[in-house]
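Lettering follows sequence order; numbering is per chain, from 1.
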Number of protein chains: 2
Amino acid sequence: MTDPTATKSAETLTIREMCDSFDVTPRTLRFYEAKELLFPIREGTKRLFTRKDRARLTLILRGKRFGFTLEDIRQLLGMYDPTGSNADQLDKTCAIARERLALMEGQRAELDIAITDLKAQLAEGERLLAARRRQAAE
Amino acid sequence: MTDPTATKSAETLTIREMCDSFDVTPRTLRFYEAKELLFPIREGTKRLFTRKDRARLTLILRGKRFGFTLEDIRQLLGMYDPTGSNADQLDKTCAIARERLALMEGQRAELDIAITDLKAQLAEGERLLAARRRQAAE
DNA sequence: CGTTACATTTACGTTAACGTCAAGCACTCT
DNA sequence: AGAGTGCTTGACGTTAACGTAAATGTAACG
């Protein structure tokens with residue numbers, strides 16, 4: 001037992017299980033693999049997604065929601081996974097991370113502005129609506 | 001003076017002035033006009049951008065930074081500009097705005113998570129780097 | 001052993017948001 | 001009048017991030 005060749009089941013997910021739990025299509029997962037964002041185990045011809053793949057996918061999907069490109073995300077993922085981290089590779093990755101961080105904090109500030117703006121406009125819009133309803137009720 | 005046919009200058013900007021002050025290309029402005037996001041005055045063959053256009057462009061560019069599509073943004077702009085706002089049009093626009101608002105607040109929450117995550121990873125990365133430098137100095 | 005049910009690869013299609021010519025007006029300067 | 005500069009309208013090209021279809025494989029079920 002715990003046969004090293006028996007990589008299947010329990011800890012790993014099939015492509016379908018993966019799709020269901022993350023709400024993505026198989027095409028997307030294969031695409032991410034082609035772009036070297038995920039590295040599922042190949043059991044014969046099929047793919048088996050590990051815990052690491054799941055963690056990475058979580059980060060990928062999160063990154064996407066902020067307009068980062070997959071290439072941006074691929075570089076950032078180096079940060080979360082220390083494979084092939086020689087000295088100046090890690091250094092570069094840190095530099096990238098600092099840039100992104102600054103970018104994200106700027107984005108947060110802008111988002112706050114946008115939220116405040118939109119709230120104000122919404123209030124105004126609803127004020128107008130209320131006024132019209134009063135008008136219509138006369 | 002204040003000739004109503006003389007729509008040019010002072011209050012309005014040419015396409016180039018517009019491009020320079022917003023850091024976009026002419027192509028972009030024409031594209032936005034084609035998509036009905038901007039409505040510059042046509043002085044003969046040329047475009048003249050009004051104060052309203054500038055306000056709209058500010059909002060467009062802001063919206064873009066959060067991954068909203070131009071179509072999303074076009075709908076939101078109805079909110080900020082009450083032209084053609086009959087009763088249930090305004091109502092719909094408010095509904096859209098509320099959705100977006102919820103979306104943006106969710107996005108802000110996630111952004112906070114992502115920032116915290118990235119900060120932690122960055123700290124870890126730099127800790128590793130420091131350790132290696134001590135190693136290399138021995 | 002046939003077929004049903006997914007998985008896989010290959011490859012072309014699609015959408016958004018512009019970029020990049022090409023060719024022609026419109027002004028202005030000389 | 002000629003030259004230059006900038007603006008205009010097509011119209012085709014491009015990139016990212018997948019969608020979708022076709023052909024093949026394969027694992028399990030009855």
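- Residue B:Thr14 has its side chain nearest to D:dC7 when only D:dA16, C:dA7, D:dC7 are considered.
- Atom CG in A:Asp72 sits roughly 17 Å away from atom P in D:dT15 (whole-Å rounding).
- Look at NZ on A:Lys46: it is 6 Å from C1' on C:dC6, rounded to the nearest Å.
- Every side-chain hydrogen bond (donor to acceptor under 3.5 Å, both in side chains) that B:Glu33 has, sequence neighbours left out, goes to B:Arg42, B:Arg47.
- For B:Met18 and D:dT8, the CE to C1' distance is 17 Å, given to the nearest whole Å.
- Comparing D:dA17, C:dA17, D:dG19 against the side chain of B:Phe31 picks out C:dA17 as the nearest.
- The side chain of B:Arg30 has D:dT9 as its nearest neighbour among D:dT9, C:dA26, D:dA17.
- Listed nucleotides: D:dC18, C:dA17, D:dT8. Nearest to the side chain of A:Tyr32: D:dC18.
- At a threshold of 4.0 angstrom between heavy atoms, the contacts of A:Lys64 are confined to the sugar-phosphate backbone, with no base atom among them.
- A:Lys35 places its NZ atom 9 Å from the P atom of D:dC18, with the value rounded to the nearest Å.
- Using a cutoff of 4.0 Å between basic side-chain nitrogens and carboxylate oxygens, B:Glu43 and B:Lys46 are not scored as salt-bridged.
- Between A:Gln107 and B:Leu111 the shortest heavy-atom distance is C-CD2, 4.1 Å.
- Listed nucleotides D:dT8, C:dT8, C:dA17 differ in distance to A:Arg42; the shortest reach to its side chain belongs to C:dT8.
- Summarising the geometry, the separation between CG on A:Leu13 and P on C:dA7 is reported as 12 Å, rounded to the nearest angstrom.
- Closest to the side chain of A:Thr28, from the set D:dG19, C:dA7, D:dC7, is D:dG19.
- The interatomic distance linking B:Ile73 (CD1) with C:dA16 (P) rounds to 13 Å, in whole Å.
- A sub-4.0 Å separation between OP1 or OP2 of D:dC18 and a side-chain N or O of A:Thr25 is absent.
- Ionic pairing of A:Glu105 and A:Arg108 is not present here: no N-O contact between side-chain nitrogen and carboxylate oxygen is shorter than 4.0 angstrom.
- Scanning atom types as modelled, one donor and one acceptor separated by under 3.5 angstrom connect the side chain of B:Arg27 and the base of C:dT20.
- Atom pair A:Arg47:CZ and C:dT8:P shows a separation of 5 Å (rounding to whole Å applied).
- Residue B:Arg16 contributes atom CZ, which lies 21 Å from atom P of C:dA26 at whole-angstrom precision.
- Under the side-chain hydrogen bond (donor to acceptor under 3.5 Å, both in side chains) criterion, A:Glu71 pairs with A:Arg74, A:Gln75, sequence neighbours left out.
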